[in-house]
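Contents: one structure, followed by commentary.
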Amino acid sequence: MFPTDLLTAHFRLDEPHKKALKRLGIATIEDLLLHLPQRYEDISCIQSVGSLAKDQDAVVFGQIGGLKTRKSWKSRVPISEGWVEDGTARIKIMWFNQPYIAKMLTDGMYVKVAGKVTGSEGKLYLANPEVEKLDSLPIDRHDSIFKNTENLDETIYPVYRETKGVTSKWFFHTVQKCFQNGALETLTDPIPEDILKRYNLPTLATALIWIHTPKKAEHAESARKRFAFEEVFYIQTTKARDRKAVSAATSYHIYTDTKHIEAFTSRFPFPLTDAQKKSIADILADFTGAHPMSRLLEGDVGSGKTAVAATTAYAVATSRPPEGSGRTLEFGALQVAYMAPTEILAKQHFESFIQYFKHLPIQIGLITGSGCMKFPSKTNPTKPTAISKAQLLKWVKNGEIPILIGTHALIYKSVEFKHLAHVIIDEQHRFGTAQRRALARGKGADETQKSADADPLIYRDLTYRIREALFTVTKELGTGHKESVYQGALRAEFTTRNIPYREQVHIPILYNKKNVGTYIPDFVIDEKIIIELKSLSFLGDQPKKQMWQYLKGSAYKLGLLVNFGGGKLEIQRVIYDKARETSSASCPHESAPIPHLLSMTATPIPRTLALTVYGDLDISLLDQMPAGRKPIITKVVAPSHIEEVYEHVRSELATGRQAYVICPRIEEPDPSKENALQLKSVKQEAERLKKQVFKNARIDILHSKMTPKEKDSVMEQFLAHEIDVLVATSVVEVGVNVPNATNIIIEGAERFGLSQLHQLRGRVVRGTHQAYCFAVTSKDTSGKSGKTLERLKALTTAKNGFELAEYDLQIRGSGELYGMKQWGLTDLGMEALKNLKMVEAARKEAHDLIERDPSLENHPLIEARIATLSKELHME
Ligand code: ADP
Ligand code: MG
């Protein structure tokens, strides 16, 4: 059994199984082994219902039944009741004041019930227990999981993420079978041994045994640590490699003197904060280096990032292109591209920039999906004017417009710059090296994907998948058969692996643009890669030259020459790229300077996450709010006091201010869904507020199911004060600045992480008017509720969003981190983020590895892992 073997080769799987596994992304033995348990159950604490005694804290597994809801006849408190039965006995369950609970459960369901045994002997019951639904009973005394348990210390067993079609038990048994069939012996550990030793981490094989069948909790822990380290290490390695690639490139030197910069900043209507000054200094220092800057500017909303961005743009736009770069008469200045995540934000930045630059003869362009603008207008030098896209692109291309602000249109449409020296991006953590190079070349990133220059790494992910198929076939068949044998096997292998292929493709061969023949390769994969199969005892230079000629005459750029004849599989890459021959001054290629990059974010994330996902960037932090800002008055409010909040907001509306109301859900949710009853929906809440609370206000809604256009339109209206109260889901996080909106009410605040609450609160700006944030929660000071309340109080004490993100991570765990999905880490990887030492270690090892082996030639397994990873990490 080999790790790359398909599961179907070893296990009989029915259709539901196959579908379920596909959903989970599990195709091979290795995929299965790396489907790690989500958690462990400890069976030592499980009691049988028959043995329960009064006052015990009980955990029982069984089937639930007899569910009903009634009102107690004395106090009229709603009571839900039922019973749970495990084969030894049955015990009653009662829930007080939780009428919806009986509705969430159905008779006959398998459950885990944990709670206190109450009542009197003979009339025992579980009061307000926690109930967890199970797809099947993990504890079944006849189950083979426990049959072979000779060692009574083995009291923990793994619980896997299930999906319709496969159960946790199936995973357990199938993994055990893989172990028994020697899957572990054929595994190679991608992580070098010395690294494992240094951090006392188990090898891959040991870790797999420990994680799937731990004898002790510490074993599982140690194995999880290894996999967490591995994940962070891979991400760090991609970042280290990106960083290395960028720092080997050249960029524009931008020299500025302090006086020159002060002439610009001294006109600001405010003094810069020390944090702003420091960040500007960091950036200007980077500009003078020989290599492109890669820097992240972190700062809360309102900390003044745009002012920093404008200053650096000024430094660039007042610098001349280097001598002799291109034609003799150089025209214009170095250029800046500033990319925002939405159209409204792009417009806002454009307007801010106009304010910063209006006294200077520096033109500013705006490009978005819905049109282009330029400042200043020819006819009115204090105003911007709409211009055609063609005109704008022309002026950007010839260098007349040094500053271009826009949305993704900046990279996806064919915008060409003359001397793009500085790229500023806002809240786009997936802006990768490829996008940056694309901008530098003045081509859209999507086009780059297709034309891929002479990049030796072109189509690497696809190539990797093909290689795997080739290896599998070789493993099965050995070498030395006829070509046609391999062709047949590959056909089957490509099909099972979902690799799109065509055969019998007639590729015209051109000579001086004339069709001089046809070439029919063995396969064309995904319309990108040509495959030519051979079975020769020795693959000389000839086939390679021939393929190169074919590529030259065709539209394809990459060919794989595969030889099965020489005793072992041999794969040669043949690259031919026309861009090499046709590149001109207006279409610079690899050697062109790469622009400096300033990435900006207000997304509060903890330091360990920043070190990981921004591992390729240097960080400047704006940890200081401009002086004289009134802090946002934040209050944690119980629903019983909501009327006071409404009263306050009504008075604010009366003085011409605006307000946000944030709800956790969009539609009135399905009442059968857990906890749904307490959630207020945006639509219903908007109606209720209109009818009962803010009767004279103009109310509208904003939620994630609206199209970007609809959202933009609502935000524009809110900005123009055509809406007084905006009822929204958390989509308003995206940083649109509506200075007049000074109130935010957040319903169900306990459902949000602190950093997300902070992000939401950032919608009301610390401007000239006093701003207010009301976090409404039904949690009170008792028990678990009390902890939640305490956590929310941190909102009123923490200095900034980054501090709150640390709290989130430490108190609630990584699962609660704001928008964690977007970072592309698994739960396990996120867990690692609690451990600064581990993250720093992974970072150091990744950097050392890339220093030693920049192209990962000697670490093909790591290279393969991160090939898949970089695809997931960067937008494609
Ligand atoms: P960010 O982009 O970090 O959210 P902005 O740069 O948009 O912040 O600044 C928010 C507001 O604060 C703007 O109105 C800006 O003019 C103002 N501002 C920026 N820096 C300062 C400062 N040092 N002192 C006072 N006001 C400032
Ligand atoms: Mg901003």
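In each ligand, atom 1 is the first atom listed, and ligand 1 is the first ligand listed.
Less than 4.0 angstrom separates some heavy atom of Thr273 from each of these atoms of ligand 1: 23 (N). Atoms of ligand 1 found under 4.0 Å from any heavy atom of Ala307, numbered from 1 in the order shown, are 6 (O). Annotation for ligand 1: atoms under 4.0 Å from non-hydrogen atoms of Ser303 are 3 (O), 8 (O). Near Val301, the atoms of ligand 1 lying under 4.0 angstrom from a non-hydrogen atom of the residue are 4 (O).
Atom CZ of Arg607 has 12 or fewer heavy atoms from other residues, nucleotides or ligands within 6.0 Å.
Only the backbone of Pro271 comes within 4.0 Å of ligand 1, counting heavy atoms alone; no side-chain atom from C-beta on gets that close. Heavy atoms of Leu272 found under 4.0 angstrom from ligand 1 belong exclusively to the backbone. The proximity of Gln276 to ligand 1, defined as any non-hydrogen pair under 4.0 Å, is limited to the side chain. Proximity of Asp300 to ligand 1, defined as any heavy-atom pair under 4.0 Å, is confined to the backbone N, CA, C and O atoms.
The structure places CD1 of Ile662 at 4.0 Å from CD1 of Ile744, a figure rounded to the nearest 0.5 Å. In this structure, CE in Met373 is found 10.5 Å from NZ in Lys383, a value given to the nearest 0.5 Å.
Ring-plane geometry between Tyr646 and Phe694 is classed as perpendicular, the angle between the planes exceeding 60 degrees on a 0 to 90 degree scale with a lower cut at 30.
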Q: Take Ile424 and Thr312 through the side-chain contact (heavy atoms from CB on, under 4.5 Å) test and state the conclusion after the steps.
A: CA-CA 9 Å; Ile424 304 169; Thr312 65; 4.1 Å; yes

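Paired with Asn743 under the rule side chain to side chain donor-acceptor pair (under 3.5 Å), one option of His648, Gln658, Gln770 passes, and it is His648. Under the side-chain contact (heavy atoms from CB on, under 4.5 Å) test applied with Leu410, the options Leu404, Val423, Ile425 reduce to a single match, Leu404.
A salt bridge between Asp282 and Lys278 is present, with a side-chain N of the basic residue lying under 4.0 Å from a carboxylate O of the acidic one.
Comparing Ala275, Gly304, Pro626 against atom 25 (C) of ligand 1, the shortest heavy-atom distance belongs to Pro626. Comparing Phe270, Phe268, Tyr356 against atom 22 (C) of ligand 1, the shortest heavy-atom distance belongs to Phe270.
Close to ligand 1: Gly302, with a non-hydrogen atom less than 4.0 angstrom away.
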